[in-house]
Amino acid sequence: MTERREWKYDGTELAWLHDRLGRSEAGPGHVVSELVPSGYEAYVRVFHRFEATDGSGRSRTWESWAQDSDVPFHPEMSHWWLRREELSTGQPLWLADDGALDERSRGALARLLGMVSGEQAMYFAYDLAAVLWGDDDEPLVRHSSLADLESVRESVSDLVGESGPEFWWPQDRSWVVTTDYDLLSTYVGCSARTSELLLADDELETLPVTLQTRVDWDTKPPHGL
């Protein structure tokens, strides 16, 4: 029989964040406010880049694939909107990682946020992954710098695999990054100015979202588009 584990946030470094998560009204699917804390001026979706599975090293953006699939590049876009393409083996030609922003985008995001926050201490947290794979009864949190993001990921990989971090933020909490364990996009809550920088960065594929924007896979393209 699987042992039931009670997850505790009170007194942990994720308590402030979880106190600001939730949904103001019922509705279909799941929305940004369930992933990223309320109270920020702006919210941004960062799409995980698709990588070719044929060994060619190619990558593909969501926007270009959306154009090829005759669907809009949209804040609630799901990978199910995209026209399926397969190898001769029947395996999908393009895959994006769920629960982990691709290395190129992750590096670009860390670089940009480092420009915003300077040398502040950073918090890197694992929540659901720690529930699934960890042995403790509270989230796994590491303190370091943005420059050490990859070292943090490597140091906890034996415990939580290659996912995450699920949450990362600076000491002043001026922004927070959420990479949900099951999703193909990362979401950022931040200032209006930081949002402008994210949306203008050529290394990141982004769109502005709101707290009410759906994040689940079961969305549908808007009517008339």
Side-chain angles (χ1 to χ4, degrees), residues 9-10 12-48 62 73-78 99-102 105-129 139 141-147 149 152 163-216 219:
Y9 292 109
D10 291 346
T12 74
E13 287 164 314
L14 273 179
W16 75 272
L17 190 152
H18 275 268
D19 286 345
R20 289 163 55 180
L21 295 180
R23 190 168 185 169
S24 59
E25 57 186 40
H30 296 280
V31 296
V32 172
S33 65
E34 296 174 78
L35 301 179
V36 188
S38 60
Y40 290 99
E41 291 182 320
Y43 295 85
V44 176
R45 177 179 178 178
V46 183
F47 293 83
H48 298 183
W62 287 67
F73 182 52
H74 189 274
E76 294 188 341
M77 182 181 181
S78 165
L101 187 59
D102 61 277
S105 300
R106 193 168 61 242
L109 181 58
R111 171 185 51 76
L112 187 151
L113 293 175
M115 293 169 54
V116 171
S117 295
E119 298 300 319
Q120 289 188 58
M122 297 291 160
Y123 297 80
F124 302 99
Y126 292 81
D127 191 358
L128 180 57
V141 182
R142 293 289 184 266
H143 306 159
S144 195
S145 67
L146 277 175
L149 171 58
V152 170
S163 65
E166 289 171 73
F167 301 102
W168 28 306
W169 67 90
Q171 188 168 17
D172 66 4
R173 301 176 184 172
S174 57
W175 51 260
V176 62
V177 176
T178 300
T179 303
D180 186 84
Y181 190 79
D182 293 321
L183 298 182
L184 301 176
S185 289
T186 288
Y187 293 84
V188 184
C190 57
S191 69
R193 176 53 182 158
T194 300
S195 171
E196 291 174 359
L197 295 173
L198 290 171
L199 295 170
D201 194 299
D202 291 337
E203 290 295 305
L204 296 170
E205 187 173 24
T206 56
L207 280 176
V209 295
T210 71
L211 287 172
Q212 291 73 46
T213 301
R214 281 182 61 178
V215 301
D216 57 284
T219 58

Trainee: Is it true that a side-chain atom of Gln171 and a backbone atom of Met122 form a donor plus acceptor pair closer than 3.5 Å?
Mentor: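 Looks like no, no N/O pair under 3.5 Å.
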Trainee: Test the Arg142-Tyr126 pair against the cation-pi criterion, namely NZ or CZ under 6.0 angstrom from the six-membered ring centroid and within 45° of the ring axis.
Mentor: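 Output no; distance or angle outside limits.
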Trainee: For Gln212, does its backbone N or O pair with a side-chain atom of Ser33 as donor and acceptor, under 3.5 Å?
Mentor: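 A pair under 3.5 Å: no.
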Trainee: Looking only at atom types and distance, does a side-chain atom of Gln120 sit under 3.5 Å from a main-chain N or O of Asp172, one as donor and one as acceptor?
Mentor: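 Checking the backbone N and O of Asp172 against the side chain of Gln120, a donor-acceptor pair under 3.5 Å is found.
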Trainee: Assess the side chains of His30 and Asp180: does a donor N or O sit below 3.5 Å from an acceptor N or O?
Mentor: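 No pair is found: no donor N or O on one side chain lies under 3.5 Å from an acceptor on the other.
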Trainee: Taking only residues two or more places apart in sequence or in another chain, which ones pass side-chain hydrogen bond (donor to acceptor under 3.5 Å, both in side chains) with Arg173?
Mentor: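 Counting only residues at least two positions away or on another chain, Arg173 forms no side-chain hydrogen bond (donor to acceptor under 3.5 Å, both in side chains).
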Trainee: Would you say that Tyr43 contacts Thr210 through its side chain, given a criterion of any heavy-atom pair below 4.5 Å between the two side chains?
Mentor: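 Side-chain contact under 4.5 Å: no.
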Trainee: Between the main-chain N or O of Pro37 and the side-chain N or O of Tyr40, is there a donor-acceptor pair closer than 3.5 Å?
Mentor: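 Here the side-chain-to-backbone pair does not exist.
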Trainee: A side-chain contact here means heavy atoms from C-beta on lying under 4.5 Å apart; do Val188 and Val36 qualify?
Mentor: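 No - every pair of side-chain heavy atoms lies 4.5 Å or more apart.
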Trainee: Please round to the nearest 0.5 Å and tell me the distance separating atom CZ of Arg23 and atom OG of Ser38.
Mentor: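 If I round to the nearest 0.5 Å, the distance is 14.5 Å.
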Trainee: I'd like to know if the side chain of Trp175 pairs up with that of Ser191 as donor and acceptor (distance under 3.5 Å, no hydrogens or angles considered).
Mentor: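 No pair is found: no donor N or O on one side chain lies under 3.5 Å from an acceptor on the other.
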Trainee: Any salt bridge between Glu76 and Arg214, counting N to O under 4.0 Å?
Mentor: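 Salt bridge flag = no for Arg214 with Glu76.
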Trainee: Leu113 versus Val177: any side-chain heavy-atom pair under 4.5 Å?
Mentor: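 When only atoms from C-beta onward are counted, Val177 and Leu113 do touch, with a gap below 4.5 Å.
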Trainee: For a quick test of reading the model, state the closest non-hydrogen atom pair linking Leu183 to Val215 and the distance between them.
Mentor: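 For Leu183 and Val215, the tightest heavy-atom pair comes out as CD2-O, 3.6 Å.
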Trainee: For Thr12 and Pro139, work out which heavy atoms get closest and say how close.
Mentor: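 That would be CG2-CD, 4.1 Å.
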Trainee: Do Leu204 and Leu109 touch side chain to side chain, with heavy atoms closer than 4.5 Å?
Mentor: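 In short, these two side chains touch, coming nearer than 4.5 Å.
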Trainee: Between atom CG of Leu149 and atom CZ of Arg111, what is the distance when rounded to the nearest 0.5 Å?
Mentor: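 CZ of Arg111 is found 13.5 Å from CG of Leu149.
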Trainee: Would you give the length of the straight line joining atom CD of Glu119 to atom OG of Ser145, rounded to the nearest 0.5 angstrom?
Mentor: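 One gets 7.5 Å once the value is rounded to the nearest 0.5 Å.
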Trainee: Verify the distance criterion only: is there a donor paired with an acceptor across the side chains of Ser185 and Arg45 at less than 3.5 Å?
Mentor: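 Note: Ser185 and Arg45 side chains meet the donor-acceptor criterion.
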Trainee: Looking only at heavy atoms, which two atoms of Val209 and Val44 are closest? And how far apart?
Mentor: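 It is CG2-N, 3.8 Å.
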Trainee: Could you pull out the closest heavy-atom pair between Val152 and Ser144, with the gap in Å?
Mentor: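 For Val152 and Ser144, the tightest heavy-atom pair comes out as CG2-CB, 3.8 Å.
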Trainee: Is any side-chain heavy atom of Leu197 closer than 4.5 Å to one of Asp201?
Mentor: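 They are not in contact (no side-chain heavy atoms under 4.5 Å apart), so the answer is no.
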Trainee: Looking at CD of Glu203 and CG of Leu198, how far apart are the two atoms once the value is rounded to the nearest 0.5 Å?
Mentor: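 Rounded to the nearest 0.5 Å, the CD-CG separation comes to 13.0 Å.
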Trainee: Hey, does Tyr187 have a side-chain heavy atom less than 4.5 Å from the side chain of Thr179?
Mentor: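 Heavy-atom side-chain distance check fails, nothing below 4.5 Å.
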Trainee: How close do Asp102 and Phe47 get, heavy atom to heavy atom, and via which atoms?
Mentor: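 Distance-wise, the nearest heavy atoms are OD1-O, 4.2 Å.
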Trainee: Regarding Ser105 and His48, is there a side-chain donor-to-acceptor distance under 3.5 Å anywhere?
Mentor: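 No, no side-chain donor-acceptor contact under 3.5 Å.
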Trainee: Spell out, as yes or no, whether a donor-acceptor pair under 3.5 Å connects the side chain of Thr178 to the backbone of Leu35.
Mentor: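 Yes: the side chain of Thr178 pairs with the backbone of Leu35.
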Trainee: Taking all non-hydrogen atoms of both residues into account, name the closest pair between Tyr123 and Glu13 and its distance.
Mentor: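 It is CE2-OE2, 3.5 Å.
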Trainee: Could you tell me the separation between the CD atom of Glu166 and the CG atom of Asp127, rounded to the nearest 0.5 Å?
Mentor: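 Atom-to-atom, Glu166:CD and Asp127:CG are 5.5 Å apart.
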Trainee: Hey, could you give me the OG/CG distance between Ser117 and Leu112, rounded to the nearest 0.5 Å?
Mentor: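 It is 9.5 Å, given to the nearest 0.5 Å.
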Trainee: Hey, are the side chains of Glu205 and Val46 touching, using non-hydrogen atoms and a 4.5 Å cut-off?
Mentor: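 They are not in contact (no side-chain heavy atoms under 4.5 Å apart), so the answer is no.
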Trainee: Within the 4.5 Å heavy-atom criterion, are Phe73 and Leu207 side-chain neighbours or not?
Mentor: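 In contact.
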